[in-house]
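Okay, structure first, notes after.
This structure is a prediction, so every number in the text was calculated from the model and none was measured.
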Amino acid sequence: MHEEFGCEVFAFDPTSKLPRDVAPGVTFHEIGLQGDEVDVSKTHSHQYDALDASKLLTLGEIIDQMGHTGRKIDVLRLDCEGCEWGVLKQLACSGESELVEQLMVEMHFQRRILAFQQMRIS
């Protein structure tokens, strides 16, 4: 991707221990995405019960931490085993959706319907 299109790729997974420089133009970060003020114990897959919540940040926090304020995100792909519900709400309510050109989401429904109802916008 980097060589052919000149793009930067940033990968995030709080459950993996990959090297920081995965490939040319691909940087890995051992952090994950979550919506603001979301109780991850109610929104993530059971397989992540031992997840360290301190490794979970909102999109805005990740952007700030990486020094990417003001940059557009061409493609944001979410496969976060339940965080997508809180992240979608965060994107819609915070205005961060304006930073994202394309959004690809893998939805997970195991424990989400109740969690989503609890997060609904009044």
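For the atom pair E8 CD and I73 CD1, the distance stands at 12.0 Å (nearest 0.5 Å).
Although no hydrogens or angles enter the test, the distance criterion places a donor-acceptor pair under 3.5 Å between the side chain of E96 and the main chain of G60. At least one donor-acceptor pair closer than 3.5 Å links the side chain of D13 to the backbone N or O of T15.
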Step-by-step side-chain contact (heavy atoms from CB on, under 4.5 Å) determination, M66 to R71: CA-CA 11 Å; M66 295 180 64; R71 290 180 63 177; over 6 Å; no
side-chain contact (heavy atoms from CB on, under 4.5 Å) between L99 and L91, worked out: CA-CA 9 Å; L99 301 173; L91 287 171; over 6 Å; no
Derivation of the side-chain contact (heavy atoms from CB on, under 4.5 Å) call for T27 and R20: CA-CA 6 Å; T27 307; R20 182 163 170 82; 3.9 Å; yes
L57 vs L33, side-chain contact (heavy atoms from CB on, under 4.5 Å): CA-CA, chis, key distance, verdict: CA-CA 5 Å; L57 304 171; L33 191 59; over 6 Å; no
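In this structure the side chain of D64 reaches within 4.5 angstrom of the side chain of T69, judged on heavy atoms. Side-chain contact between L59 and L76 is present, with at least one heavy-atom pair separated by less than 4.5 Å. With a 4.5 Å cut-off on side-chain heavy atoms, T58 and V87 do not count as touching.
In this structure E30 satisfies the salt bridge (charged side-chain N to carboxylate O under 4.0 Å, His left out) test together with K17, K55, sequence neighbours excluded. With sequence neighbours excluded, no residue satisfies side chain to side chain donor-acceptor pair (under 3.5 Å) with D74. For F12, the ring pair (Phe, Tyr, Trp, His ring centres under 6.0 Å) criterion is met by H29, not counting sequence neighbours.
Of all non-hydrogen atoms in F28 and V22, the two that sit nearest each other are CB-CG2, 3.5 Å. Residues L56 and P14 come closest through the heavy atom pair CD2-CG, 4.0 Å.
V100 and V105 fall within the same hydrophobic cluster, where Ile, Leu, Val, Met, Phe, Trp and Tyr residues are linked whenever their side-chain heavy atoms come under 4.5 Å apart, directly or through other members.
Remark: E106 CD is packed, more than 12 non-hydrogen atoms of other residues, nucleotides or ligands lying under 6.0 Å away.
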